[in-house]
There are 2 protein chains.
Amino acid sequence: MTTPVLTKNQGLVFDVLTRAEGPLSAYTILDKLRDQGFRAPLQVYRALDKLLEYGVVHRLESINSFVACAHPHENCHSHGLVAFAICESCGQVIEFHDHEVDHRLMDWLKSQKFKAEKSTIEIRGHCANCAA
Amino acid sequence: MTTPVLTKNQGLVFDVLTRAEGPLSAYTILDKLRDQGFRAPLQVYRALDKLLEYGVVHRLESINSFVACAHPHENCHSHGLVAFAICESCGQVIEFHDHEVDHRLMDWLKSQKFKAEKSTIEIRGHCANCAA
DNA sequence: ATCGCACACGTTATAGCATAACGCAATTGA
DNA sequence: TCAATTGCGTTATGCTATAACGTGTGCGAT
C-alpha cells in the first residue's frame, strides 16, 4: 500500500507540516498558505483528510492539531498503534510505537468483542529540555 | 484525597452526566440544564473543570465530550492511566485501566526523560452489540 | 466587626475549530 | 459520448471553548 501522488493542495499542506517544528492547527496552516492562494478552511481540511487517510499525517486530538508522520516512507498505518508525547512548553511532539502496549490493548478489546478502528494515545507533559 | 462537596452547578452537571447513557458534549449538557436556569456555556465548562479536577468526570478528547467516571467512589486519579473504548454506533463508552499498558508507557516516557502530566487513550470502533 | 481574599456565579462577547451545501472543472472508464 | 468520481473554490453556518467584566458569599486574620 503506497501513497498516491499528492494533488497541489495536498502537497502544499504536507510541505507546511513537514517543515514545521511541531504540530499545527488547521487555521494556522491556512494562514501559512494564504500566499499560495488558500482562502478557506475547507481547502485545508480536505487536504488533511486525504493525508490522514494516506497515513502521512497524524491528528492530535487533544490539541486539535496536525503533525507530519515521523516515518514518511513506511506507511504508518502498517505499524500498530501510534502514541505521542506532547510537550506543553515547547510544543514538540515525539511519536512512538510500542507493540507491547499495542498487543495489550488489542487483547483487552478482543476480550470485550470490541472492533477497534481508530486509536488515540497522547501524553501531555514536559519534554527533557523543558522539564527544567 | 476525597471529593469536596459539589456546588449547585457542579451537582447539576454531574447528575446529568451520571444519568446519561453515554458521553455528552458541553452544549448538550447546557441544553439539558436550561430548565434549571443554565443560560451560558461557561456555567457548564466551569463546573466541568472542577469535576475533571476532582476526577469524577472524564473528558473524551476525540469526541469533545464528557462522561461520568465509572468508579465514582474511588478517586480515579489514583488509578494509573484510564483508557476508553468508544462505540461509534451507539455512543457507549467502556472505561478500563491496565497497569501493564500504564507501566510500559511510563517506562518509555521515563527513558525519554519526559514528564507526563495528562494522558489520553481512546479507541474508537464498534462495541459487541453494534459490530453485528 | 470589618477588611481582604478566594471562590463560585452570571452575562456578554468573541475566539477557535469544523462541516454543510452549492456549483464548476478535470479525469477516467464503460 | 456519457456517467461517475474526484478535487477544487466559495459562502454560510454550526459547534466548541474561553476572555473579560462584574456580583455575591463565606471565612479567616487583624
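If you're wondering where the values come from, they're calculated on a predicted model, not measured in any experiment. Each chain gets a letter, A, B and so on, in the order its sequence line appears, and its residues count up from 1. The figures that follow rest on heavy atoms only: side chains count, while hydrogens, waters and symmetry mates do not.
- Nearest nucleotide to the Arg46(B) side chain, out of dC9(C), dT18(D), dT19(C): dC9(C).
- Between the CD1 atom of Ile29(B) and the C1' atom of dA17(D) there is a distance of 13 Å, rounded to whole Å.
- Taking atom CD on Glu61(A) and atom P on dT16(D), their separation rounds to 14 Å, with Å as the unit.
- An OP1 or OP2 oxygen of dA17(D) is reached within less than 4.0 angstrom by a side-chain nitrogen or oxygen of Asn64(B).
- For dG10(C), the OP1/OP2 oxygens have a side-chain nitrogen or oxygen of Asn9(B) closer than 4.0 Å.
- Contact check, Lys50(A) against dG7(D): a side-chain N or O comes under 4.0 Å of OP1 or OP2.
- Taking atom CZ on Phe38(A) and atom P on dG9(D), their separation rounds to 7 Å, with Å as the unit.
- The side-chain ring of Tyr27(B) is not stacked on the base of dC15(D), judged by centre separation under 5.5 angstrom and plane angle under 30 degrees.
- The CD1 atom of Ile63(B) sits 16 Å away from the C1' atom of dC17(C) (whole-angstrom rounding).
- Atom P of nucleotide dC22(C) and atom CD of Gln43(A) are separated by 20 Å, given to the nearest angstrom.
- Residue Arg39(A) is in sugar-phosphate contact alone, with no base atom involved, counting any heavy-atom pair closer than 4.0 Å across all strands shown.
- Heavy atoms of other residues, nucleotides or ligands lying less than 6.0 angstrom from CD of Glu21(A) number 12 at most.
- In this structure, CG of Leu33(A) is placed 12 Å from P of dC8(D), rounded to the nearest angstrom.
- With distances taken from any side-chain atom of Tyr54(A) to the nucleotides dA8(C), dG7(D), dC9(C), the minimum falls on dG7(D).
- Taking 4.0 Å as the cut-off between side-chain N and carboxylate O, Glu61(B) and Arg59(B) count as a salt-bridged pair.
- Atom pair Asp49(B):CG and dT16(D):P shows a separation of 16 Å (rounding to whole Å applied).
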Original post:
Would His126(B) and Phe114(A) count as a ring-ring contact (aromatic ring centres under 6.0 Å, His included) if you check the C-alpha gap in whole Å, the side-chain angles of each, and the deciding distance to 0.1 Å?
Top reply: CA-CA 6 Å; His126(B) 295 278; Phe114(A) 188 96; 7.8 Å; no
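- In the set dT18(D), dA17(D), dC9(C), dA17(D) carries the atom at the smallest distance from any side-chain atom of Ala26(B).
- If you take CG of Leu51(A) and P of dT6(D), they are 16 Å apart, rounded to a whole angstrom.
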Subject >> Intermediate values then yes/no, salt bridge (Lys or Arg N to Asp or Glu O under 4.0 Å), Arg34(A) and Asp31(A) >> reply: CA-CA 5 Å; Arg34(A) 291 210 186 269; Asp31(A) 286 339; 3.3 Å; yes
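- Side-chain rings of Phe84(B) and His58(B) approach one another, their centers coming within less than 6.0 Å.
- With dC17(C), dT10(D), dT12(C) as the candidates, the nucleotide lying closest to the side chain of Ser25(A) is dC17(C).
- Neither OP1 nor OP2 of dT6(D) sits under 4.0 Å from any side-chain N or O of Thr7(A).
- Checking dT16(D), dT18(D), dA18(C) against the side-chain heavy atoms of Pro41(B) singles out dT18(D) as nearest.
- The aromatic ring of Tyr45(B) does not sit over the base of dT18(D), since the test of centres under 5.5 Å and planes under 30° is not met.
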